[in-house]
A.B. asks: 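This is the structure, below, for whatever I ask next.
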Amino acid sequence: AAEPLVLGIETSCDETGIGIVRGSTLLANVISSSMDEHARYGGVVPEVAARAHLEALVPALKAALAEADVTLDDLDAIAVTSGPGLSGALMVGVGAAKALALSLDKPLYAVNHLVGHVGADVLDDDAPLEYPTIALLVSGGHTSLLLVRDLVSDVELLGETIDDAAGEAFDKVARLLGLPYPGGPQIDRVAVGGDPKAIRFPRGLSHQKDMEKHRYDFSFSGLKTAVARWVEQTRDSGVEVPIADVAASFREAVADILLTKAVAACVDYGIPRLLLGGGVVANARVRELAAERCAAAGIELRIPPLSLCTDNGAMIAALGSQLIMAGHAPSTLGFGADSTLPA
Ligand code: KG4
Ligand code: ZN
């Protein structure tokens, strides 16, 4: 059969993403973010995100169709993120996808957001990833480690954050340093010139006893608290806070935690491949340390272009297209927006 033309809809967090792919070829990737509206709250506000999706979805859909130069009738199928994510936000995308599928009489595929991040790799120009692979997905909404034996049929969640997501930690630490939202790019910016060894911040869940129970899990709230306490004590003692050193040291701790766990998973399972995804992958030190640690351990490192790493509809469309090409049946239209769906 010819390669399927698939529309992907992503509304799990603050990005309204509409993507169109043909097989593994990217035709359109339109993203409308409500990031600015969340700035004054210092984090994503679920109700605000859901309302923004409602306003942005149809214009983004029209733009994507125009970009791909196709019509709704041309589509072979629709794929939509059904979870995990913010439930109100998910409902907007799922509702729209069902309405389209029903009215156009096209098959609908409900897909997992995290697996979608892995699916982004097929749109990359390079040769597609081989399986099995380990995937580390880090954004403002999730920090998860997956064992992907097969993209469309066998994905295991090895671990995830037990408190804040890594991006959330960046946003919170930026805020306490007086930097604007979103904090990740700001921390990256001010960390330049700072000494990453100036302050030794704690690496959550990496002690021997934690590693038994939480080998592949992450924790960032203790790190955030440690940074807050250090900054407060420094201020109280009348010394000016060395922002660059704090940012560099904090960023070093996050990168170290992420890569230590991801490389451990690769080594434990004997899998010499690591795929990164999510907005935190933009972090300069995370990228650098990933390259260093993977090279040292003989692990092939894959990082899709940033526009495919952050939340987007193209990765959802790509996963839908892979499901179709693997012969999977579509979803029945009764599925919900499952905000807690495991991988
Ligand atoms: O994947 P993404 O765009 O979607 C959501 O989580 O909604 O990720 C956004 C997150 C934010 O928390 C932001 O602070 C973080 O990714 N981020 C970064 C960087 N750029 C974005 N974190 C660290 N360093 C960066 N350069
Ligand atoms: Zn995501």
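As the structure is a prediction and not an experimental result, all values here were calculated from the model. Remember, it's 1-based here, ligands and their atoms both numbered in the order they're listed.
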A.B. asks: State, with a plain yes or no, whether a side-chain heavy atom of Met211 is found less than 4.5 Å away from one of Leu205.
C.D. replies: no
A.B. asks: Parallel, tilted or perpendicular: which describes the rings of Phe218 and Phe220, with under 30° parallel and over 60° perpendicular?
C.D. replies: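 Rings of Phe218 and Phe220: parallel, under 30°.
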A.B. asks: Which option out of Gly141, Gly184, Ser33 puts a heavy atom nearest to atom 19 (C) of ligand 1?
C.D. replies: Gly184
A.B. asks: Can you name the N/O/S atom of Asp311 that is nearest the Zn ion (ligand 2)?
C.D. replies: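 So the atom name we want here is OD1.
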A.B. asks: Out of Asp14, Asn283, Asp171, Val281, who gets a non-hydrogen atom closest to atom 14 (O) of ligand 1?
C.D. replies: Asp171
A.B. asks: Could you list the atoms of ligand 1 found under 4.0 angstrom from a heavy atom of Glu15?
C.D. replies: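 Here the atoms of ligand 1 in question are 3 (O), 4 (O), 7 (O).
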A.B. asks: Less than 4.5 Å apart, any side-chain heavy atom of Cys309 and any of Ile303?
C.D. replies: yes
A.B. asks: Look at the side-chain heavy atoms of Ile, Leu, Val, Met, Phe, Trp and Tyr, link any pair under 4.5 Å apart, and say whether Val286 and Leu114 land in one connected group.
C.D. replies: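 No; Leu114 is not reachable from Val286 via cluster members.
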A.B. asks: Purely on distance, is any nitrogen or oxygen of Gly167 under 3.5 Å from one on ligand 1?
C.D. replies: yes
A.B. asks: Any idea which atoms of ligand 1 are less than 4.0 Å away from a heavy-atom of Ala282?
C.D. replies: 20 (N), 26 (N)
A.B. asks: Less than 4.0 angstrom from a charged side-chain N to a carboxylate O is my criterion; do Arg285 and Glu292 meet it?
C.D. replies: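 Looking at Glu292 together with Arg285, the answer is yes, because their closest N to O distance falls below 4.0 Å.
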A.B. asks: Give the atoms of ligand 1, by number and element, whose distance to some non-hydrogen atom of Thr310 is under 4.0 Å.
C.D. replies: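 In order of numbering, the contacting atoms are 1 (O), 3 (O).
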A.B. asks: Does any N or O atom in Gly279 lie less than 3.5 angstrom from one in ligand 1, N or O only?
C.D. replies: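 Yes, at least one N or O pair falls under 3.5 Å.
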A.B. asks: Applying salt bridge (Lys or Arg N to Asp or Glu O under 4.0 Å) to Glu47 and Arg51, what does each step give before you reach the verdict?
C.D. replies: CA-CA 6 Å; Glu47 173 79 16; Arg51 283 165 179 267; 3.2 Å; yes
A.B. asks: Determine the sole option in Thr16, Asp14, Thr11 for which the side chain to side chain donor-acceptor pair (under 3.5 Å) test with His53 is passed.
C.D. replies: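 With His53 as partner, Thr16, Asp14, Thr11 yield a single side chain to side chain donor-acceptor pair (under 3.5 Å), made by Thr16.
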A.B. asks: Does any N or O of ligand 1 fall below 3.5 Å from an N or O anywhere on Cys309, backbone included?
C.D. replies: no
A.B. asks: Would you say Cys13 has an N, O or S atom lying under 2.8 Å from the Zn ion (ligand 2)?
C.D. replies: no
A.B. asks: Would Arg251 count as a contact of ligand 1 if the rule is a heavy atom under 4.0 Å away?
C.D. replies: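 No, Arg251 has no heavy atom closer than 4.0 Å to ligand 1.
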A.B. asks: Could you tell me whether Asp256 and Arg293 have a side-chain N and a carboxylate O separated by less than 4.0 Å?
C.D. replies: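 Looking at Arg293 together with Asp256, the answer is yes, because their closest N to O distance falls below 4.0 Å.
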A.B. asks: Using the side chain to side chain donor-acceptor pair (under 3.5 Å) rule, pick out the option among Asp163, Thr161, Asp164, Asp210 that qualifies with Ser219.
C.D. replies: Asp163
A.B. asks: Considering only the protein, which heavy-atom contact is closest to atom 15 (C) of ligand 1, and what is its distance?
C.D. replies: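 The protein heavy atom lying closest is Val280 CG2, 4.0 Å.
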A.B. asks: Less than 3.5 Å between some nitrogen or oxygen of Phe170 and one of ligand 1, yes or no?
C.D. replies: no
A.B. asks: Check each atom of ligand 1 against the heavy atoms of Gly140 and keep those under 4.0 Å away; list them by number with element.
C.D. replies: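 What qualifies from ligand 1 is 5 (C), 6 (O), 8 (O), 9 (C), 10 (C), 12 (O).
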A.B. asks: Let's go through Phe170 and Phe250 carefully: what are the C-alpha distance in whole Å and the side-chain angles of both, what is the deciding distance for ring pair (Phe, Tyr, Trp, His ring centres under 6.0 Å) to 0.1 Å, and is it a yes or a no?
C.D. replies: CA-CA 9 Å; Phe170 271 100; Phe250 163 72; 5.1 Å; yes
A.B. asks: Are the side chains of Leu151 and Leu323 in contact, using a 4.5 Å heavy-atom criterion?
C.D. replies: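 Leu323 does not reach Leu151 side chain to side chain.
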A.B. asks: Pro185 heavy atoms, cut-off 4.0 Å: which ligand 1 atoms fall inside?
C.D. replies: 19 (C), 20 (N), 21 (C), 25 (C), 26 (N)
A.B. asks: Give me the residue, atom name and distance of the protein heavy atom closest to atom 26 (N) of ligand 1.
C.D. replies: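 So the nearest neighbour among protein heavy atoms is Asp188 OD2, 2.9 Å.
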A.B. asks: Looking at His117, which of its N, O or S atoms is the nearest one to the Zn ion (ligand 2)?
C.D. replies: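 Of all N, O or S atoms belonging to His117, NE2 is the one nearest the Zn ion (ligand 2).
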